[in-house]
Amino acid sequence: MLREKLEIIAPVYNEEEVLHETLTRFNLLRENLANKNVDVSFLFVDDGSNDSTLEILRNASLNQLHLKVLSLSRNFGHQFALTAGLDHADADYIVIIDADLQDPPELIMDMLNLARKGFHNVYGKRRSRKSETWFKKITAALFYRFLSYMSDTKIPANTGDFRLITKPVHKAFCSMRERHRFIRGMIPWIGFTSIAYEYDRDKRFAGKTKFPFSKMFAFANNAIFSFSTKPILIATRLGLVTITLGFTGAVCIVYLKLFTNTPVPGLTATLTSLSIFSGIQILLIGLVGSYVARIFEEGKGRPLYLVNETHNLKCEIN
Ligand code: UDP
Ligand code: MG
């Protein structure tokens with residue numbers, strides 16, 4: 001019987017505290033899947049770590065040929081590390097997973113079974129998020145609601161990047177070279193049959209999250225602006241509403257002047273409305289500017305990431 005190939009892609013940034021455990025759990029899964037006719041390899045993308053992460057991976061790759069390492073020239077960010085991994089992966093099934101063991105690797109068995117039934121995109125859907133703060137839970141819930149209103153592509157709520165994809169989805173993904181990347185939205189855009197796989201998200205095994213609030217905010221902002229042009233539409237509608245209000249006001253003033261003795265409201269009203277409307281205008285210029293800035297970034301056409309070194313991986317460096 002022909003053996004199938006499955007590759008696990010895990011981005012790592014300063015994960016020296018968890019890596020040994022991650023490797024143990026990945027290797028256990030590898031042994032289990034070997035009995036089921038599947039050859040598993042791991043591709044760790046070191047996203048410019050400045051602790052001993054790369055050294056641990058380098059040493060482990062010496063006697064484990066199924067462990068591949070791709071080290072980037074600096075910290076490019078989670079989404080770019082994943083992109084680099086996907087660009088260099090080659091297997092029938094590809095799994096994207098965080099290295100901190102929040103997404104239990106053992107679940108890959110079930111996900112693979114679903115893919116074998118014909119699903120091309122088996123995405124992890126979080127039933128619960130252990131030990132995450134109420135603040136993160138609330139902001140995440142609000143963000144997914146807002147995003148689904150703003151975006152034309154259906155992006156399932158409570159999903160992350162943990163998923164298993166097949167070759168056609170992988171190939172399509174590699175052809176999408178946009179600079180502003182929101183992978184959990186890009187994959188649903190590709191299409192093919194998809195299914196949610198519900199699971200309970202664990203606590204981080206060790207170490208701290210690499211996503212402080214500022215990075216989360218930038219990530220959410222990026223998701224909205226790269227996935228939707230609705231803000232521009234909303235801006236146009238707001239413009240129409242203010243014009244209508246302005247005209248109504250003008251008609252009222254003319255009426256009051258010509259047909260009644262009521263004094264027309266003076267300077268205060270003028271100044272207030274002036275400052276409100278100029279505020280709206282500046283805000284909208286900023287909004288349009290956000291899209292222009294994205295065109296500017298895209299226009300530069302720089303590479304999405306740069307590779308520093310590789311192990312057990314045949315690839316040209318840059
Ligand atoms: N990560 C990365 N580059 C970064 C930030 C994070 O490769 O700039 C990796 C990190 O090592 C981990 C995964 O992305 O394997 C998810 O990060 P983290 O667990 O910190 O995010 P959270 O689960 O808290 O959202
Ligand atoms: Mg995590």
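For ligands, and for the atoms within them, numbers begin at 1 and follow the listed sequence.
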Do Y197 and F119 have ring centres separated by under 6.0 Å? no
So, does T242 use its side chain to make a donor-acceptor pair with the main chain of G239 at under 3.5 Å? yes
Do the charged groups of D200 and R127 touch, with an N to O distance under 4.0 Å? yes
Does this structure show an ion pair linking D98 with R201, if we count only N-O contacts that are shorter than 4.0 Å? yes
Assess whether a salt bridge exists between R184 and D161, defined as any Lys/Arg side-chain N lying under 4.0 Å from an Asp/Glu carboxylate O. yes
Do NZ/NE/NH1/NH2 and the carboxylate oxygens of D87 and R177 come within less than 4.0 Å? yes
Under a 3.5 Å distance rule, please check whether S228 uses its side chain to pair with a backbone N or O of F225 as donor and acceptor. no
Quick check, are the ring centers of F182 and F219 under 6.0 angstrom apart? yes
Residue and atom names of protein N/O/S atoms that fall under 2.8 Å from the Mg ion (ligand 2): D100 OD2, Q102 OE1
Where the side chain of T22 meets the backbone of A99, is there a donor-acceptor pair that is under 3.5 Å apart? yes
Enumerate the protein residues lying less than 4.0 Å from ligand 1, judged by heavy-atom distances, in chain and residue-number order. P11, V12, Y13, E15, D47, N75, G77, H78, D98, A99, D100, Q102, K136, R201, R204, T209, K210, F211, K215
